[in-house]
Amino acid sequence: MQFTFAHHQVTPDLHMFRTHMGRVDMMFNAYVLMAEQPVLFHTGNRAMWAGLRAQLTAVLPLDRIAYVVVPHVEADECGALPLLLQEAQPTVVASRMGSNQLIGMGLYDRPQAAKDGDRLDLGDRELELISIPSEMHLWDGLIALDCKTGTLFSSDFLSQVGGDTGPWDPAPNLANMAQMATGNVPAPGPYQRVVERLLGLDIRCVAPGHGTLFTQDIQTLIKGYFNHTITG
């Protein structure tokens with residue numbers, strides 16, 4: 001497969017690792033939040049690992065990663081987890097369903113199962129974990145809010161298609177964003193609950209699993225994404 005790797009230190013304590021897959025023209029993002037207990041969001045798939053690993057180890061040794069947050073069990077979120085675990089022993093955090101899948105698929109046998117509203121103590125900050133349906137099957141997944149900076153690590157939710165962009169787009173295009181889920185949401189009720197939950201939070205930046213970070217019109221995009229996804 002054709003991959004291009006890039007690293008951006010987007011804030012003093014947040015590193016963004018972007019893997020562009022040329023065949024599908026898609027950006028796959030991983031993040032390291034440099035807290036007292038550093039946390040990694042997404043491992044990429046096995047084919048991406050060598051390139052992503054080189055980027056990660058330029059920032060910190062793998063054995064310094066204290067937590068890995070697995071939003072849901074797909075190749076780009078956790079496919080390379082067994083390779084990471086050959087060199088490090090972080091606490092792996094997933095939803096109840098995600099934890100069962102990690103165990104059942106033989107990816108990891110000791111995940112920490114989290115539920116909506118749980119807090120992850122990183123020493124100098126906390127993550128609030130938010131339960132969110134995971135596309136077609138509506139299995140419970142996780143997204144996470146850094147309570148210190150208001151950064152939402154949103155995984156596939158609020159992501160964007162395409163790769164020819166920089167790391168920031170203050171106000172991304174809603175129609176592009178909604179392509180990630182249009183036709184893949186079988187029931188609106190569970191997503192409406194998440195939208196209402198997110199609208200009550202102090203979200204100042206969104207760090208999605210695909211596409212760019214953004215800081216403007218967040219509430220409008222959250223509401224618009226939901227409506228466009230269900231009706232689009």
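As the structure is a computational prediction, the values presented were derived from the model and not from experiment.
Using a cut-off of 4.0 Å between Lys/Arg side-chain N and Asp/Glu carboxylate O, R125 and E36 are scored as not salt-bridged. Between D202 and R204, at least one side-chain N (NZ, or NE/NH1/NH2) sits under 4.0 Å from a carboxylate O, which counts as a salt bridge. Classification of D116 and R197 as a salt-bridged pair holds, one side-chain N sitting under 4.0 Å from a carboxylate O.
The distance between the ring centers of H7 and H15 falls below 6.0 angstrom. A centroid separation of 6.0 Å or more is found between the aromatic rings of Y31 and F17.
Across L201, V194, L199, a single residue satisfies side chain to side chain contact (heavy atoms under 4.5 Å, CB included) together with I222, and that is L199.
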Margin query: Show, in sequence, the C-alpha distance, side-chain angles and deciding distance for M105 and V73, and conclude whether the side chain to side chain contact (heavy atoms under 4.5 Å, CB included) test is met.
Written below: CA-CA 10 Å; M105 294 179 183; V73 178; 3.7 Å; yes
Next item on the list: Report the C-alpha separation of L127 and Y67 in whole Å, then their side-chain angles, then the decisive distance to 0.1 Å, and conclude whether the side chain to side chain contact (heavy atoms under 4.5 Å, CB included) test is met.
Entry: CA-CA 11 Å; L127 292 180; Y67 293 97; over 6 Å; no
Margin query: Quick one, Q37 with L120, criterion side chain to side chain contact (heavy atoms under 4.5 Å, CB included). Give me CA distance, side-chain angles, the key distance, then yes/no.
Written below: CA-CA 10 Å; Q37 299 289 312; L120 198 60; over 6 Å; no
Next item on the list: Tell me, with the steps shown, if L52 and H42 meet side chain to side chain contact (heavy atoms under 4.5 Å, CB included).
Entry: CA-CA 11 Å; L52 178 56; H42 312 157; over 6 Å; no
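Side chain of H210 to main chain of M27: a donor-acceptor pair is present (N/O by atom type, distance under 3.5 Å, no hydrogens or angles). Side chain of S131 to main chain of K115: no donor-acceptor pair is present (N/O by atom type, distance under 3.5 Å, no hydrogens or angles). Under the 3.5 Å distance criterion, the side-chain polar atoms of D25 are left unmatched by any main-chain donor or acceptor of G22. N29 places no side-chain N or O within 3.5 Å of a backbone atom of T19 that could act as its donor or acceptor partner. Side-chain N or O atoms of D217 include none that pairs as donor or acceptor with a backbone N or O of T220 at under 3.5 Å. In this structure, Q55 contributes its side chain and G51 its backbone to no donor-acceptor pair below 3.5 Å. Looking only at distances, a side-chain donor or acceptor of R18 sits under 3.5 Å from a matching main-chain atom of G166. Although no hydrogens or angles enter the test, the distance criterion places no donor-acceptor pair under 3.5 Å between the side chain of D169 and the main chain of T212.
Smallest separation of non-hydrogen atoms from D124 and K148: O-CD, 4.2 Å. Contact record, V69 with P71: O-CD, 3.4 Å, taken as the closest heavy-atom pair. Among all heavy-atom pairs drawn from A88 and L62, the shortest one is CB-O, 3.3 Å. Nearest heavy-atom pair across P167 and V10 is CB-CG1, 4.3 Å. Contact record, P208 with S159: CB-OG, 3.6 Å, taken as the closest heavy-atom pair. Of all non-hydrogen atoms in V161 and N176, the two that sit nearest each other are N-OD1, 2.8 Å.
Taking CG of L84 as the start and CD of Q86 as the end, the distance is 9.5 Å to the nearest 0.5 Å. Remark: S99 OG to L142 CG distance equals 8.0 Å, nearest 0.5 Å. Expressed to the nearest 0.5 Å, how far CG of D121 lies from CD of E126 amounts to 6.0 Å. With rounding to the nearest 0.5 Å, the separation of CD1 in I132 from CZ in R193 is 8.5 Å. The structure places CG of L107 at 9.0 Å from OG1 of T43, a figure rounded to the nearest 0.5 Å. To the nearest 0.5 angstrom, M34 atom CE is 10.5 Å from T11 atom OG1.
The hydrophobic cluster containing I103, built from Ile/Leu/Val/Met/Phe/Trp/Tyr side-chain heavy atoms closer than 4.5 Å, comprises no other residue.
D140 and H72 share no donor-acceptor pair across their side chains, judged by distance under 3.5 Å alone. Under the 3.5 Å distance criterion, with hydrogens and angles disregarded, a donor-acceptor pair is assigned to the side chains of D146 and T149.
The shortest side-chain heavy-atom distance between M26 and Q160 does not fall under the 4.5 Å cut-off. Between T151 and L145 there is no side-chain heavy-atom pair separated by less than 4.5 Å. Within the 4.5 Å cutoff, no side-chain heavy atoms of I130 are placed close to those of F153. For the pair C205 and L152, the minimum side-chain heavy-atom distance is 4.5 Å or more. At a threshold of 4.5 Å between non-hydrogen side-chain atoms, the residues F3 and H20 do not count as touching.
Residues L33 and W168 share a single hydrophobic cluster, defined by chaining ILVMFWY side chains whose heavy atoms lie under 4.5 Å apart. Under the 4.5 Å side-chain heavy-atom criterion for Ile, Leu, Val, Met, Phe, Trp and Tyr, F5 and L213 are members of distinct hydrophobic clusters. Note on F41 and V68: separate hydrophobic clusters, where clusters join Ile, Leu, Val, Met, Phe, Trp and Tyr whose side-chain heavy atoms are under 4.5 Å apart, directly or indirectly. When hydrophobic clusters are built by joining Ile, Leu, Val, Met, Phe, Trp and Tyr residues whose side-chain heavy atoms come closer than 4.5 Å, directly or via intermediates, V70 is not grouped with M97. Residues L81 and V32 fall within the same hydrophobic cluster, defined by Ile, Leu, Val, Met, Phe, Trp and Tyr side chains chained together at heavy-atom separations under 4.5 Å.
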